[in-house]
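What follows is a short report on a single structure.
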Amino acid sequence: MDSIIVKGNGPLNGQIPIAGAKNACLTLMPATLLSDEPLTLTNAPRLSDIKTMSALLQSLGCEVSQLQDGQVLVMSSHALDNHVADYDIVRKMRASILVLGPMLARDGHAVVSLPGGCAIGARPVDLHLKALEAMGAELELKEGYVHAKAPGGLKGGTFEFPVVSVGATENALMAATLAKGTTVLKNAAREPEIVDLADCLRRMGAQIEGDGTDTITIQGVDRLGGATHPVVTDRIELGTYMLAPAICGGEVECLGGRIDLLGAFCEKLDEAGIAVTETEKGLKVARRNGRVRAVDVTTEPFPGFPTDLQAQMMALMCTAEGTSVLEEKIFENRFMHAPELMRMGAEIDVQGGTATVTGVERLKGAPVMATDLRASVSLILAGLAAEGETIVNRVYHLDRGYERVEEKLGNVGAHIERVSGQ
Ligand SMILES: CC(=O)N[C@H]1[C@@H](OP(=O)(O)OP(=O)(O)OC[C@H]2O[C@@H](n3ccc(=O)[nH]c3=O)[C@H](O)[C@@H]2O)O[C@H](CO)[C@@H](O)[C@@H]1O
Ligand SMILES: C=C(OP(=O)(O)O)C(=O)O
């Protein structure tokens, strides 16, 4: 398995291009299953998760071509000859469950393996299933698979999510585009990836209103057509690279960055003493004078502080002045980076879903283990600011969500290299 070696050095300066969003692309790709005409996605990120979703779609009979070095995906689902999403692919990536709604809506039947838990939490899919049931789906769980049927087609219904779920909102939204009549989704997720999905579905001919608010109304149509759609900027990759100059000093311009994608994250950076300015090409980020100030953070659905930036924010807080309290409210086990940061000299006390971080002057390089995607990159950020060398082992998680991380950080002056393992 590959490792990343980072050597703490001075300030970072230059530009970092931000890719299309993994989490948007992973829901836009299954939308191809709703139509027998081609769907083309531009600005696609080049990540292992995208390859996994391509393999899943291909296993269902969808044709997927990658053009322009993987930045353009052309998908055609004119002949779906398999309606079973197999455990062997689904277990690799939780977003695989997003093929359920579209397949069921288009062809009235689908069998999808349950994705199971993962390192950051149990992550059940009960809300995906309940929302589809509200549209008349008949579901049965057998031997680890969801067997779904809608013999006369799905019918519009009203469903109120008891907790905000990004994935369940996406599955229900896609399914509702082809259901008969009107569907109303209440307490829906408001993430930019939901708005991007709705934009793409509208280009395909869907009738959707209210995306970006907590109530989405969908008027079902008989069929959807083809479309070309650019994937929205990855707000998590953006936030991650905004934290690099915040931790190391210097000034970095994140190309393609937009304030409206960042919600509470930007407010917290401001409180911590990080200046963010909008430019013609994106966002410029620099640390104001002196040490970063400790700030408290609670993760919440958008526009609250994103759970996917909590680990990276913790890396920043490790060398901040004062004590910060980070509360993780979305996933029950998302502090696995804390003991690794402590190997580097961080002072962190984790009690349940709360981590209290007391900033130290400087971290010290150490060998550390990456336990999940965002934990991996938080250790790289911490290593960039540490004295000496940090070896981040087991970085395969990183490649799920960050393309060419060594190149992007190397180009702004970071000392970072990948060492290939067996
Ligand atoms: C591919 C993708 O887009 N992944 C993102 C998506 O994951 P994902 O869509 O899986 O996350 P959800 O928004 O669904 O999860 C939010 C909370 O709801 C719970 N829940 C969810 C579904 C369900 O059926 N039952 C249930 O109880 C989850 O366990 C969690 O506690 O949103 C998360 C929250 O912003 C992000 O961290 C992930 O990066
Ligand atoms: C948790 C994440 O992804 P996924 O939902 O694909 O596991 C993430 O992107 O941080």
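Side chains are part of it too, since the values below use all heavy atoms of this structure and drop only hydrogens, waters and symmetry mates. Whatever order the structure lists ligands and atoms in, that order sets their numbers, starting from 1. Start at 1 with the first residue, then count along the sequence.
Between R235 and F265, the closest side-chain pair of non-hydrogen atoms is not below 4.5 Å. At least one side-chain heavy atom of D86 sits less than 4.5 Å from a side-chain heavy atom of Y145.
For E138, the CD atom is densely surrounded, since the number of other residues' heavy atoms within 6.0 Å is greater than 12.
Scanning all protein heavy atoms for the shortest distance to atom 30 (C) of ligand 1 gives I330 O, 3.5 Å. Of all protein heavy atoms, the one closest to atom 11 (O) of ligand 1 is F331 CZ, 4.0 Å. Among protein heavy atoms, the minimum distance from atom 9 (O) of ligand 1 is reached at G167 N, 2.8 Å. Counting only heavy atoms of the protein, atom 39 (O) of ligand 1 lies nearest to D308 OD2, 2.6 Å.
For the residue pair E389 / H415, no side-chain donor-acceptor distance below 3.5 Å is found, with atom types taken as modelled. Side-chain N/O atoms of T182 and Q219 include a donor and acceptor closer than 3.5 Å.
Between T307 and ligand 1, no N or O atom pair is found at a separation short of 3.5 Å. When only interatomic distances are considered, the shortest N/O to N/O separation between K22 and ligand 1 does not fall below 3.5 Å. Taking any N or O of V166, backbone or side chain, at least one lies under 3.5 Å from an N or O belonging to ligand 1. By the 3.5 Å distance cut-off applied to N or O atoms, L127 is counted among the residues near ligand 1. For ligand 1, the polar-atom distance check against S165 finds a nitrogen or oxygen pair separated by under 3.5 Å. Inclusion of V163 in the set of residues having an N or O under 3.5 Å from an N or O of ligand 1 is not warranted.
Ligand 1 has at least one atom lying under 4.0 Å from a heavy atom of P124. Assignment of V164 to the shell around ligand 1 is supported, since a heavy atom sits closer than 4.0 Å. Not a single heavy atom of K329 sits less than 4.0 Å from an atom of ligand 1.
Among residues two or more places apart in sequence or in another chain, the salt bridge (Lys or Arg N to Asp or Glu O under 4.0 Å) test is passed with E328 by none. Annotation: side-chain contact (heavy atoms from CB on, under 4.5 Å) contacts of R404 (sequence neighbours excluded): R46, D69, E407.
A salt bridge between D308 and R334 is present, with a side-chain N of the basic residue lying under 4.0 Å from a carboxylate O of the acidic one. Using a 4.0 Å cut-off between charged side-chain N and carboxylate O, K149 and E140 make no salt bridge.
Proximity of atom 26 (C) of ligand 1 to the protein is indicated by at least one non-hydrogen atom lying closer than 4.0 angstrom.
Each of the following atoms of ligand 1 lies closer than 4.0 Å to a heavy atom of H128: 24 (O). For ligand 1, the atoms closer than 4.0 angstrom to any heavy atom of N23 are 1 (C), 2 (C), 3 (O), 4 (N), 5 (C), 38 (C), 39 (O). Every atom of ligand 1 is numbered from 1 in the order shown, and the set under 4.0 Å from a heavy atom of R334 is 37 (O). Numbered from 1 in the order shown, with element, the atoms of ligand 1 that lie under 4.0 Å from a heavy atom of V125 read 23 (C), 24 (O).
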Does F335 form a side-chain contact (heavy atoms from CB on, under 4.5 Å) with M314? I'd like the steps, not just the answer.
CA-CA 9 Å; F335 282 141; M314 187 185 283; 3.6 Å; yes

Could you go through N393 and M1, starting from their C-alpha distance and side-chain angles, then the distance that decides it, and tell me whether this counts as side-chain contact (heavy atoms from CB on, under 4.5 Å)?
CA-CA 8 Å; N393 293 302; M1 263 176 250; over 6 Å; no

Trace of the salt bridge (Lys or Arg N to Asp or Glu O under 4.0 Å) decision for K268 with E271:
CA-CA 5 Å; K268 288 293 165 186; E271 257 183 67; 3.3 Å; yes

Between L28 and L73, is a side-chain contact (heavy atoms from CB on, under 4.5 Å) present by the stated rule, with each step listed?
CA-CA 11 Å; L28 292 164; L73 299 172; over 6 Å; no

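Within 4.0 Å of ligand 2, the residues that place a heavy atom are K22, N23, I120, R123, D308, R334, L373, R374, R400, listed by chain and number.
Counting only residues at least two apart or in different chains, salt bridge (Lys or Arg N to Asp or Glu O under 4.0 Å) contacts with residues 253-264 comprise R258-D260.
Here atom 7 (O) of ligand 1 lies nearest to R123 when heavy atoms of R123, R94, M53 are compared.
No donor-acceptor distance shorter than 3.5 angstrom exists from the side chain of Q207 to the backbone of V221, with no hydrogens or angles considered.
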